Each structure stands twice: as C-alpha cells, then as structure tokens.
Asker: 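Quick one: this structure, given as structure tokens, is what I'll be asking you about.
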Amino acid sequence: MAVVRVRQHVNPLANKYQTPANPLEWEKVYPQPNQPLHLDIGCAKGQFLLKIAQIEPNWNYLGLEIREPLVVEANKLRAELGLTNLHYLFCNANNSLASLLSSLPPGTLQRVTIQFPDPWFKNRHAKRRVVQPELVVELAHYLAVGGIVFLQSDMEFVAVEMRDRFAENPAFQKQHTQEWLAENPLPVPTEREIGTINRGEPVYRALFVKVASAE
C-alpha cells in the first residue's frame, strides 16, 4: 500500500464531517448483496478487512473511515486484488449509520467491529469518541437478532466506556462472564492488536450479541 500522509486525529464534530453519507445502492456495491454483512467502524487503512474478506468470501464487508485519503487508498488496493465482497466508505459513523443501514435487506447486518478507536484522552473531548449512546441505539435497531458486536482497545478506559454503553442497552447481552474476553474470536487480528500483544501489553475485548428487537 502506498504511503498516505494523513492526520492521526480527526475531530468528528467539525463542520466538514456533519453531512451524513448518502444511502448506498447495495446491489451496485456487492454482486451478492444478500450475503451477511460485517460492518467495521473506524477501519483506518483497511488491512483487517482486506485479510478477512479473503478468508470469508461468503460475507460482505463494509469499512467506515473518517479519514478520506485512507479510504481512497484502501479501495484502490481492494480493486487491485479483485475483492468484490469488500467496500470502504468515507463517512462519519456517528451521523451516517441510519442513512447507510436503513436500505439494507432485513437481517443482513450480522457482525459489527469497533477496534482500537481514537481514545480522545481529555474529558472535554469525550463527545468525539465513536461509541456514543446514539451509535449503540442505531446498531441495536439495524443489527440482526443473533448478530454480534466485537469491541477491543488497548486503552482500558475506552474499552470500559464502550463495553458499558452496549451493556446498558437491553438489546445487547455480553457473551462472557469474565470482565474481558481473553481471545479474539475473529480469524484475523488488527495491526494494532498484533503490535500491542508483541509489546506485552493488554488488549481489552468485549463481545455482545443482539438478543432482542429494538423498539
């Protein structure tokens, strides 16, 4: 992948990111639009999806990323590899989920991952973190019953906040009795996950299943 210079931190509350993404014509995005969909929120360079889309061709994959240059490069690489079950989209997930997911065939969205999101350390910047209560409500509405949400971070306070916000929504049920999930249940780790483990540092993981229809 070409080296793309891009800002490490992008403020999702900035005016330029307030326009929701346009709805997708799913049959034009994926040759088999009725395959189960895996949504990766904050996909960065898209390497995780690039690998898992090749392992699981019977799934469709959609990566959302707020840094447009990363999306452009990721889609170029995806096209070069001829992966028709993978697409990357530039958008702000915090205001675009409804417009994107409302047109999906019912029951299609079956897996959501939010992995190592920008922590926004300062309390006054907490509203910039991706897992806001409104995002949890949107996912509760569009995720199929039995679908899963997988969360992970190397920042414990971020992981706690994400986990607690999903736990507070009655549509979701945590799938492990221990505080954190010991292993990644997916067949591919992210680059950040590999680097964190190689440094001997902890990764905080949580897995939820959608157990009820959202009102």
Side-chain angles (χ1 to χ4, degrees), residues 12-13 17-24 26 29-30 33-43 48-49 52 56 59-66 87-89 91-120 126-153 155-181 184-186 190 204-215:
L13 303 182
Y17 302 115
Q18 295 316 299
T19 302
N22 293 321
L24 292 175
W26 298 98
V29 176
Y30 303 111
N34 289 310
Q35 289 191 152
L37 179 68
H38 176 149
L39 176 67
D40 189 39
I41 298 176
C43 64
F48 161 75
L49 289 183
I52 197 171
E56 298 180 338
W59 281 74
N60 289 330
Y61 292 89
L62 177 64
L64 305 184
E65 175 56 47
I66 199 170
H87 185 69
Y88 300 98
L89 185 69
C91 74
N92 180 352
N94 290 107
N95 61 22
S96 295
L97 286 186
S99 62
L100 290 175
L101 301 179
S102 59
S103 60
L104 269 178
T108 304
L109 181 61
Q110 295 188 23
R111 196 158 67 198
V112 177
T113 47
I114 306 174
Q115 305 181 85
F116 304 92
D118 193 326
W120 291 107
K127 277 290 186 181
R128 299 180 184 183
R129 296 176 195 144
V130 66
V131 179
Q132 300 295 328
E134 296 81 6
L135 181 133
V136 177
V137 169
E138 294 284 4
L139 292 177
H141 185 74
Y142 292 108
L143 186 64
V145 173
I148 67 166
V149 176
F150 177 56
L151 313 167
Q152 59 176 341
S153 176
M155 300 292 171
E156 187 174 13
F157 79 96
V158 173
V160 167
E161 184 177 78
M162 292 195 297
R163 179 199 64 196
D164 289 353
R165 285 183 169 168
F166 277 93
E168 289 163 3
N169 189 301
F172 294 105
Q173 185 175 88
K174 188 160 70 76
Q175 293 300 286
H176 42 98
T177 55
Q178 65 271 42
E179 184 177 13
W180 301 110
L181 196 64
N184 186 335
L186 301 177
T190 72
Y204 306 95
R205 307 180 182 93
L207 182 68
F208 288 86
V209 68
K210 169 83 174 291
V211 294
S213 298
E215 294 298 330

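One-based numbering along the sequence shown. Just so it is clear, the structure is predicted and the values come from calculations on it, not from any experiment.
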Asker: I need the minimum non-hydrogen distance between Val211 and Pro170, along with the two atoms involved.
Answerer: CG2-O, 3.8 Å
Asker: For Arg205, run the side chain to side chain donor-acceptor pair (under 3.5 Å) check against His176, Gln152, Gln115 and tell me which one passes.
Answerer: Gln152
Asker: Rounded to the nearest 0.5 Å, what separation is found between the NZ atom of Lys174 and the CG atom of Leu181?
Answerer: 9.0 Å
Asker: Atom CG of Leu207 and atom CD of Gln173: how far apart are they, to the nearest 0.5 Å?
Answerer: 11.0 Å
Asker: Just do the side-chain contact (heavy atoms from CB on, under 4.5 Å) check on Leu135 and Ile114 with the steps written out, would you?
Answerer: CA-CA 11 Å; Leu135 181 133; Ile114 306 174; 4.1 Å; yes
Asker: Return the set of residues passing ring pair (Phe, Tyr, Trp, His ring centres under 6.0 Å) with Tyr204 (not counting sequence neighbours), or none when no residue passes.
Answerer: Trp180
Asker: Under the side-chain contact (heavy atoms from CB on, under 4.5 Å) rule, what do Tyr142 and Leu39 come out as? Steps first, then yes or no, please.
Answerer: CA-CA 11 Å; Tyr142 292 108; Leu39 176 67; over 6 Å; no
Asker: With sequence neighbours excluded, what pairs up with Glu179 under the salt bridge (Lys or Arg N to Asp or Glu O under 4.0 Å) test?
Answerer: Arg163
Asker: Quick check for you: to the nearest 0.5 Å, what is the distance between Leu49 atom CG and Thr190 atom OG1?
Answerer: 11.0 Å
Asker: If you look at every heavy atom in Thr108 and Pro33, which pair is closest and at what distance?
Answerer: CG2-O, 4.0 Å
Asker: Output all residues satisfying side chain to side chain donor-acceptor pair (under 3.5 Å) with Ser102, sequence neighbours left out; order by chain, then residue number.
Answerer: none
Asker: Would you give the length of the straight line joining atom NE2 of His38 to atom OH of Tyr61, rounded to the nearest 0.5 angstrom?
Answerer: 6.5 Å
Asker: Identify which one of Val112, Asn184, Asp40 satisfies the side chain to side chain contact (heavy atoms under 4.5 Å, CB included) criterion when paired with Phe150.
Answerer: Asn184
Asker: With Glu138 as reference, evaluate Leu100, Leu97, Leu143 under the side chain to side chain contact (heavy atoms under 4.5 Å, CB included) test and give the passing residue.
Answerer: Leu97
Asker: Taking all heavy atoms of Leu37 and all of Leu104, pick out the closest pair and write down the distance.
Answerer: CD2-CD1, 3.8 Å
Asker: Can you measure from CD1 (Ile148) to CD (Gln175) and round to the nearest 0.5 angstrom?
Answerer: 9.0 Å
Asker: Walk me through whether Asn94 and Gln132 qualify under side-chain contact (heavy atoms from CB on, under 4.5 Å).
Answerer: CA-CA 8 Å; Asn94 290 107; Gln132 300 295 328; 4.0 Å; yes
Asker: Please name all residues satisfying ring pair (Phe, Tyr, Trp, His ring centres under 6.0 Å) with Phe172, sequence neighbours left out, ordered by chain then number.
Answerer: Phe166
Asker: Under the side-chain contact (heavy atoms from CB on, under 4.5 Å) rule, what do Val131 and Glu161 come out as? Steps first, then yes or no, please.
Answerer: CA-CA 8 Å; Val131 179; Glu161 184 177 78; 5.9 Å; no
Asker: Check salt bridge (Lys or Arg N to Asp or Glu O under 4.0 Å) between Glu56 and all other residues, then give those that pass, not counting sequence neighbours.
Answerer: Arg111
Asker: Find the distance between CG (Asn169) and NZ (Lys210) and round it off to the nearest 0.5 Å.
Answerer: 9.0 Å
Asker: Do you know which two heavy atoms are closest between Ser96 and Cys91, and how far apart they sit?
Answerer: OG-CB, 3.8 Å
Asker: Going by side chain to side chain donor-acceptor pair (under 3.5 Å), name the residues that satisfy it together with Glu65, two or more places apart in sequence or in a different chain.
Answerer: Arg67
